[in-house]
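Have a look at the structure below before the remarks.
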Amino acid sequence: MLEGFQLRERLLVGTFVHPGQVLVEDLDQYAASLDQHEVVAALAGDAAARSAVDRPVQAPVVGDRHPDAERGVGDLDPAQQHVLDVLATGTHLFIDAPAGCDVRGTVAAVVADAAVAGRSVLYVPGHRRAATALAARMRDLGVDDLLLDVAPEPGWRTATTRRLLSGMNLKPEPVDAEAVAAVRRDLLVHRDRLRGYVSALHEIREPWNASPYDALQSLARLASARPAPRTTVRLAPGTARDLAPAHRRTELAADLVRAARLGAFTLRPSETPWFDADLVTSGAAQDTLARIERLLGGGLASVVERVREVAASTGLTPAASVAEWGLQLRMLSGIRGALDVFQPVIFERTAADLVAATASRAWRAERGITMSRLHRRRLRRQAKDMVRPGRPVADLHGALVQVQEQREIWQAHCPAGGWPRLPDGLADIEDEYAVVRDDLEHVARVLATTPTGGALLTMPFVDLADRLRRLLVDRRALETLPERTAVVRHLREAGLDALLQDLAHRRVQPGLVGPELELAWWSTVFDELLRSDRALAGYDGAALTELASEFRRLDGAHVATLSAPVRSRVIRLMTETLGADREQAHALFVELAEERLTSLRETTERYPDLVPRLRPVLAASPMLVPQLLPPTRTVDVVVLDAVQHLPLEVALAAIARARQVVVVGDPRCASGTAVRELADVLPRVGLRAAATRRDPYLTAFLVDHGYAGVLEATPLPHATPLVHLDVVAGSGMPDPVTGAVESTRAEVEHVVELVITHALTRPEESLAVVSPSAVHAARIREAVLAEVRANPALAPFFDAHRPEPFVVTELAGVAGLRREAVILSLGYGRTPHGRVLHRFGPLSGPGGEAMLLDALGATRHRLAVVSCFAVDDLDPERLRGSGSRLLGDLLAFAAERGPQPAPTSPGGPRRPSPGPVTAS
């Protein structure tokens, strides 16, 4: 016995109405007119009704709207504004809202735009969470006065009465029209400036067939490559124009690769004496080699021997080079010609006086030479006496000039002086020299482009022979030289000489030369575009940043001005309606003030014009609709939201009351019939999924499973995996009813550990736990609450009044759920023998795939999957349902993205564990 303990017997009797019965009775009242509702008839398969309902919607507005023409409240994108435009025409509409789009903002704008037009709105959420989120969004926007949220709570009548009563006392706030107009004027000015910049940035320019934006994107793409091209070369404008066609750059890039593979950018002058030689064909290379072989095979040595012989026989200084030898031979040839005309004595002394004496007066005057007539006559006679007999000379002065030139050359090459002497066989010597000179001149032209040049004729004989031998030794270099030279010459002719020099200086490898050309071309194009557009060039980074910052500030101020006119307009409509029938308004006021409201439906029937005006947006769950509104088609707009997992018959009570039906949902993750069938008959407008911090690989997984063309993976600034698989060792006995091993203790404890760790380490991130098993979700909820009660320091994170409070839900309740982090706990374990029974509750049934997709789309950032088994433990042959197969894909994906600790079975460990399990 416990001291002071008393046990009293108590019997509690209550009356309860089954929600389904309420819906059935409500539909009975519509039996006579239900088929006249076009949406209901279309759902029933009436072809005429389907054609009437599914009519084409107007095209979206192209470009920016004037601020005065924007509808709704909040910061809306073009897709959301298009939704409002379509709904303003009275069209029934299905709003396709995939994971990641701003559903709450769209719905708030829809109901506000309808209310400001004087229309009544019924908002029907598939889950209470959606109504709470809408109320919070409208409160943030400053239009929560429009909303009457009837929560399914015991005190809803009192709360509704007070809410309606306070609505009768609302007063419109003054709107500073001049301030609003000023903000919108400044916004338009800054928007036009930004639009001008953006237009200039995207305008296609000739002859480049590219815009500055294209250039920036291409430069960014090239800079982000690894390894990235690094050239700073700018092409000549004419060259850049020639390369504007992409195929032309592709051709030259191929030539650059070819040149690089042939060593054009890695070969150095020190590595071969043939470096940069002017040989473009293999035939020319072989001809050059043949000439070098001929020179080294005897031609050059013969010349050197002749030089020595001639020097010995004539007294000339031995020639040091082929060029000097050629000069001596020309001198000897000239002396030979002179001796054919004059006697040898002509060379005994200078012929300068004889040249002057035989010249014209003008010649002497030009050179300042004075000579008496008698002296000239004597010298002319002396010159004629030196002419060989029988050899008349037509131009004695010219012949003497040549004699003097040859004498001066002789004196330069013959320090001993004396009369010139001719060697024997001078003609043969000249022929031999001509052959050698021709070979050397050919080789010199080939080597003229090499770093050491082609001055072979002036090289000393020893150096010349050494260079020719080095050329001959490195004959293997000629295997690639002609092709390389031809390619490089072609590239130089294309105007790429500066780029070739840069590539050679940096020894760029073949794989990068193409991007280097692209970088040089796009850099040149970008410079030319800025040079041709002063307005675009005038935007530096700081000025553009300041302009964009001011535009954002003005846009935010403009968005903030949208709510006050809406609220004021709705309150004025309410005030005008109350003033039009003061007697009815007074009666309603007394009823509300005395809290005599027992049925909102009956009150609405008594005051059909007044009640909808007090709070024009009524939010109620589908089951409450028959109890709140009369069975007539009097609601202007009915908005069904987050009803992906509801059957159609539950939504019929709301649809039947609507003049205009609006459905917001995602048919890809709809397990119920409401969204699927309504999406099939209503015209559709899609919302744009915003970029999120969700793991891009998870987004790609969703794309592969139904979201192709709807979602797009957004790269994150870090590569840390945000999807994890935690495999725990959970086993138990199968349930006698379901046959599944449901909610093992090990999995519950592990999930609680993850939740507490998240609350302590990431309290700024909202969190939800989702499980296919209702039993497992309930046990997790109880275990977490027990931990919170035992640790008061955790209470702030688990506060139900947070903007996105912590929630534990089963799959059927995940509609409309969005959290930063989601823990998906499967809740099904192994048998004591380690077997997986392949019974996964709702996942194995109809709609399992849709519900699981909805849960995966609920996360905005990170996802942790907790399971008692891995994909390798599943038998593909037993995964018959689409939900079960998706589960297998998810386990494989999560195992690939994050750590996968292995469970241990009674028989021992199944695989080695990589380390401790974490939630991040």
Side-chain angles (χ1 to χ4, degrees), residues 197-269 276 483-545 715 717 719:
Y197 173 79
V198 172
S199 298
L201 194 63
H202 290 270
E203 181 183 352
I204 300 297
R205 314 295 176 90
E206 297 298 338
W208 320 112
N209 193 31
S211 67
Y213 178 79
D214 295 331
L216 286 173
Q217 289 292 96
S218 298
L219 291 173
R221 173 179 51 80
L222 291 167
S224 63
R226 292 295 180 271
R230 296 183 294 110
T231 186
T232 58
V233 169
R234 298 295 184 270
L235 306 178
T239 300
R241 281 192 292 272
D242 293 340
L243 301 187
H247 70 85
R248 178 59 177 155
R249 297 197 302 279
T250 302
E251 294 171 358
L252 291 181
D255 288 341
L256 283 170
V257 171
R258 199 163 125 223
R261 288 174 177 164
L262 292 170
F265 309 131
T266 54
L267 195 65
R268 287 295 178 260
D276 215 15
E483 183 182 2
R484 181 172 67 245
T485 303
V487 175
V488 170
R489 177 176 294 178
H490 173 67
L491 292 169
R492 283 175 175 156
E493 290 172 354
L496 302 183
D497 189 59
L499 179 61
L500 293 175
Q501 295 179 21
D502 179 59
L503 298 179
H505 175 72
R506 294 187 289 116
R507 295 195 177 194
V508 177
Q509 297 301 312
L512 269 180
V513 292
E516 295 281 356
L517 173 61
E518 285 292 301
L519 178 59
W521 188 78
W522 280 111
S523 298
T524 304
V525 169
F526 188 66
D527 290 347
E528 291 298 312
L529 291 175
L530 292 183
R531 189 177 294 114
S532 63
D533 192 332
R534 294 183 179 179
L536 195 62
Y539 282 101
D540 57 28
L544 189 59
T545 299

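Owing to the predicted nature of the structure, the values given are computational and were not obtained by experimental measurement.
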Please check if atom CZ in Arg268 has more than 12 non-hydrogen atoms from other residues, nucleotides or ligands closer than 6.0 Å.
-> yes
Side chain Arg205, main chain Glu203, donor-acceptor under 3.5 Å | yes
Test log, rule side chain to side chain contact (heavy atoms under 4.5 Å, CB included), inputs Val508 and Leu256 = CA-CA 10 Å; Val508 177; Leu256 283 170; over 6 Å; no
Do the charged groups of Glu483 and Arg258 touch, with an N to O distance under 4.0 Å?
-> yes
Does the side chain of Thr266 reach to within under 4.5 Å of the side chain of Gln509, using non-hydrogen atoms?
-> yes
List the atom of Val487, the atom of Ala259, and the distance in Å for their closest heavy-atom pair.
-> CG1-CB, 3.8 Å
Which value, rounded to the nearest 0.5 Å, describes the distance between Leu544 atom CG and Tyr197 atom OH?
-> 5.0 Å
Tightest non-hydrogen contact, residues Ser523 and Leu219, listed as OG-CD2, 3.6 Å
Would you say the side-chain atoms of Arg507 pair up with the backbone N or O of His505, donor to acceptor, closer than 3.5 Å?
-> no
Of Val513, Leu491, Val257, the one forming a side chain to side chain contact (heavy atoms under 4.5 Å, CB included) with Leu252 is Leu491
Show the numbers, then the answer: is there a side chain to side chain contact (heavy atoms under 4.5 Å, CB included) between Leu496 and Thr239?
-> CA-CA 8 Å; Leu496 302 183; Thr239 300; 4.3 Å; yes
Could you give the distance from CG (Leu201) to CD (Gln217), rounded to the nearest 0.5 Å?
-> 9.0 Å
Please report the shortest heavy-atom distance between Ala223 and Ala228, naming the atom on each side.
-> O-CB, 3.7 Å
Distance from Phe526 atom CZ to Arg531 atom CZ, nearest 0.5 Å?
-> 11.5 Å
Shortest non-hydrogen contact between Asp533 and Ala200, atoms and distance = OD2-CB, 3.9 Å
Assess the side chains of Asp214 and Ser211: does a donor N or O sit below 3.5 Å from an acceptor N or O?
-> yes
Is there a donor-acceptor contact under 3.5 Å from the side chain of Asp502 to the main chain of Leu499?
-> no
For the side chain of Thr524 and the backbone of Ala240, is there at least one donor-acceptor N/O pair under 3.5 Å apart?
-> no
Which heavy atom in Glu528 sits nearest to a heavy atom in Trp208, and how many Å separate them?
-> CB-CZ2, 3.8 Å
Shortest non-hydrogen contact between Ala264 and Val488, atoms and distance | CB-CG2, 4.0 Å
All pairs passing side-chain hydrogen bond (donor to acceptor under 3.5 Å, both in side chains) where residues 511-521 contributes a residue, at least two apart | Arg249-Glu518, Arg506-Glu516, Glu518-Trp522
Contacts satisfying side-chain hydrogen bond (donor to acceptor under 3.5 Å, both in side chains) that involve residues 490-499 (not counting sequence neighbours) are Asp255-His490, Arg492-Asp497, Asp497-Gln501
